[in-house]
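Atoms considered below: every heavy atom in the structure, side chains included; atoms not considered: hydrogens, waters and symmetry mates. Chain A is the first sequence line, chain B the second, and so forth, proteins listed ahead of strands; every chain is numbered from 1.
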Amino acid sequence: MPEGHTIHRQARLQRAALAGERLRIWSPQGRFAAGAARLDGRELDDIEALGKHLLYRWDSGDTLHVHLGLFGKFKTFKSDPPPPTEMTRLAMANHRAVVYLAGPTICELITPEDEDGLRTRIGPDPLAEPRAGRRFAGNLSRRRIPIGAALLDQQIVAGVGNVYRAEVLFKCGIAPQRPADQLDGSDASALWSIIKSELRAGETAGRIVTVGPNDVGVRARKDIPPQERLYVYKRDGRPCRRCGDMVLRTEMANRLIWWCPTCQPC
DNA sequence: GGGTGATGCTGAG
DNA sequence: TCAGCCTCACCCC
């Protein structure tokens, strides 16, 4: 479930489980065999999350770059780990924990130049740089594309994916069709705040829950049942939780997006 | 057991 | 703009 909140959560949990120790590294699938052989037995210094990217720093000076893409998944075991499957691209283990990685789009060692290139082609990450709201607003003001498309562009803001783009636009009352460069300063600032708080909540909870408890009649976010955790995502044809109007669906930036025409007027 | 779609992104044309 | 890639949960038969 890889939007930015997942990546930051994985960085935090894996850092706690693995960093500061020499690790056993191998590639059961074999597709990262050379990189794994190079890292095996080295100490992991730190893990950094950058938008949807993870950077693992090793005492050898090497940097491992992982991007989960749409399908990539981590599995962590604290005790009695099952053997990895033949789909496991990367396995990392110490005496306390084992982390398996399967299905990533990217799992490779990168040079400092590669890393510079990565940093220049992604925009501000609300979880890593919470005070970068002005850069975000500036990025929006330079793009004549719908805001619904702009939020998926990782050069504008890093870490937002298809669920959060629909949900944060709903929470801000902004129609996805509105041109990014037409948002005024207060819209951009409200959007940045909501993106930050929602990603943070997702990082903490380990799942995406955007609805306020009041809207589904329970006391706390953690009591919200799975099918009621979102306002609009994949809810086309069903009544809006706020106003009762029909949630609509359209395609934007090659992905489907959902919105409420009453709560998010054009 | 097969088909499908998914919280992502790139490169060819 | 579109095909392609990575994997698996879920649906339907």
Side-chain angles (χ1 to χ4, degrees), chain A residues 1-11 27-33 35-36 49-55 64-76 82-91 99-108 110 114 117-123 125-127 145-146 148-171 176 194-196 198-211 224 226-237 249-259:
Chain A
M1 309 167 214
E3 294 195 32
H5 69 297
T6 304
I7 304 308
H8 279 264
R9 182 178 171 86
Q10 284 297 325
S27 178
Q29 180 194 51
R31 288 184 56 180
F32 184 61
L50 201 65
K52 296 173 187 169
H53 302 261
L54 283 164
L55 299 172
L64 169 65
H65 175 208
V66 170
H67 190 290
L68 294 180
L70 190 51
F71 314 119
K73 276 188 180 61
F74 285 109
K75 283 184 186 159
T76 299
T85 72
E86 57 186 31
M87 294 303 176
T88 305
R89 182 83 55 92
L90 168 68
V99 174
Y100 295 143
L101 167 66
T105 295
I106 296 170
C107 175
E108 63 185 7
I110 59 169
D114 294 333
L118 173 64
R119 287 181 186 280
T120 55
R121 71 169 191 273
I122 68 172
D125 174 343
L127 290 176
I145 55 175
L151 292 184
L152 280 192
D153 184 338
Q154 302 296 299
Q155 294 197 46
I156 291 175
V157 53
V160 174
N162 207 29
V163 178
Y164 278 121
R165 77 156 167 172
E167 295 294 309
V168 300
L169 286 173
F170 175 85
K171 293 195 91 161
I194 293 283
I195 292 170
K196 255 191 322 192
E198 292 302 326
L199 284 175
R200 206 174 282 140
E203 198 275 351
T204 304
R207 63 171 70 107
I208 305 177
V209 181
T210 60
V211 300
I224 299 172
Q227 65 278 15
E228 300 190 4
R229 290 175 179 159
L230 304 173
Y231 282 108
V232 289
Y233 180 78
K234 284 195 173 169
R235 297 197 67 247
D236 50 302
R249 181 183 86 169
T250 190
E251 198 178 307
M252 191 169 284
N254 288 322
R255 315 283 299 277
L256 293 172
I257 186 168
W258 292 261
W259 88 101

Show me the donor-acceptor pairs, under 3.5 Å and distance only, between side chains in residues 162-171 of chain A and residues at least two apart or in other chains.
unit_1   : atom_1 : unit_2   : atom_2 : d
A:Asn162 : OD1    : A:Arg165 : NE     : 2.7
A:Asn162 : OD1    : A:Arg165 : NH2    : 3.0
A:Asn162 : ND2    : A:Leu256 : O      : 3.1
A:Tyr164 : OH     : A:Glu198 : O      : 3.3
A:Arg165 : NH1    : A:Gly148 : O      : 2.8
A:Arg165 : NH1    : A:Met252 : O      : 3.2
A:Arg165 : NH2    : A:Met252 : O      : 3.1
A:Arg165 : NH2    : A:Arg255 : O      : 3.2
A:Arg165 : NH2    : A:Leu256 : O      : 3.3
A:Glu167 : OE1    : A:Thr210 : OG1    : 2.5
A:Glu167 : OE1    : A:Tyr231 : N      : 2.7
A:Glu167 : OE2    : A:Tyr231 : N      : 3.3
A:Glu167 : OE2    : A:Val232 : N      : 2.9
A:Glu167 : OE2    : A:Tyr233 : N      : 2.9
A:Lys171 : NZ     : A:Glu198 : OE2    : 2.8
A:Lys171 : NZ     : A:Thr210 : O      : 2.7

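With rounding to the nearest 0.5 Å, the separation of CZ in A:Arg89 from CD in A:Glu108 is 10.5 Å. Note that the OG1 atom of A:Thr120 and the CD atom of A:Gln155 stand 8.5 Å from one another [nearest 0.5 Å]. Between atom OG1 of residue A:Thr6 and atom CG of residue A:Leu199 there is a gap of 9.5 Å, rounded to the nearest 0.5 Å.
Checked against salt bridge (Lys or Arg N to Asp or Glu O under 4.0 Å), A:Arg119 has the following partners two or more places apart in sequence or in another chain: A:Glu48, A:Glu115.
Distance alone, capped at 3.5 Å, is enough to place a donor-acceptor pair between the A:Gln154 side chain and the A:Gly159 backbone. Remark: the backbone N or O of A:Thr204 is paired with a side-chain donor or acceptor of A:Arg9 at under 3.5 angstrom.
Secondary-structure annotation of DNA chain C gives the stems B:1-6 with C:7-12, B:8-12 with C:1-5, with a stem taken as at least 3 successive Watson-Crick or G-U pairs whose two distances both fall under 3.5 Å.
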Pairs under 3.5 angstrom, nitrogen or oxygen only, protein versus nucleotides 3-5 of chain B, please.
none

Between protein and nucleotides 9-13 of chain B, what N or O pairs are separated by less than 3.5 Å?
unit_1 : atom_1 : unit_2  : atom_2 : d
B:dC9  : OP1    : A:His67 : NE2    : 3.2
B:dC9  : OP2    : A:Lys52 : NZ     : 3.2

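When heavy atoms are screened at a 4.0 angstrom cut-off, A:Glu167 is found touching no nucleic acid atom at all. Residue contacts for A:Ile208: at a heavy-atom cut-off of 4.0 Å it reaches a base atom on one of the strands shown.
The heavy-atom pair separating A:Tyr100 from A:Pro82 by the smallest distance is OH-O, 2.7 Å. When all heavy atoms of A:Leu64 and A:Cys107 are compared, the pair lying nearest together is CD1-SG, 4.1 Å.
When DNA chain C is scanned 5' to 3' for any atom under 4.0 Å from a heavy atom of chain A, the first and last hits are C:dC6 to C:dC8.
Considering A:Ile122, A:Asp125, A:Ile7 in turn, A:Ile122 is the only one that fulfils the side-chain contact (heavy atoms from CB on, under 4.5 Å) rule with A:His53.
The same atom, P, is picked in C:dC8 and in B:dT10; the two are 23 Å apart, to the nearest Å. Separation of the P atoms belonging to B:dG5 and C:dC13 is 14 Å when rounded to the nearest angstrom. C:dC6 and B:dG1 are spaced 22 Å apart, taking the C1' atom of each and rounding to whole Å.
Taking atom CZ of A:Arg165 as the reference point, atom C1' of B:dG8 lies 12 Å away to the nearest angstrom.
Side-chain contact check for A:Val66 versus A:Phe74: some heavy-atom pair is nearer than 4.5 Å.
Within a 6.0 Å radius of CD in A:Glu86, other residues, nucleotides and ligands contribute 12 heavy atoms or fewer.
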Q. Going through the checks in order, is the side-chain contact (heavy atoms from CB on, under 4.5 Å) test met by A:Ile257 and A:Leu152?
A. CA-CA 11 Å; A:Ile257 186 168; A:Leu152 280 192; over 6 Å; no
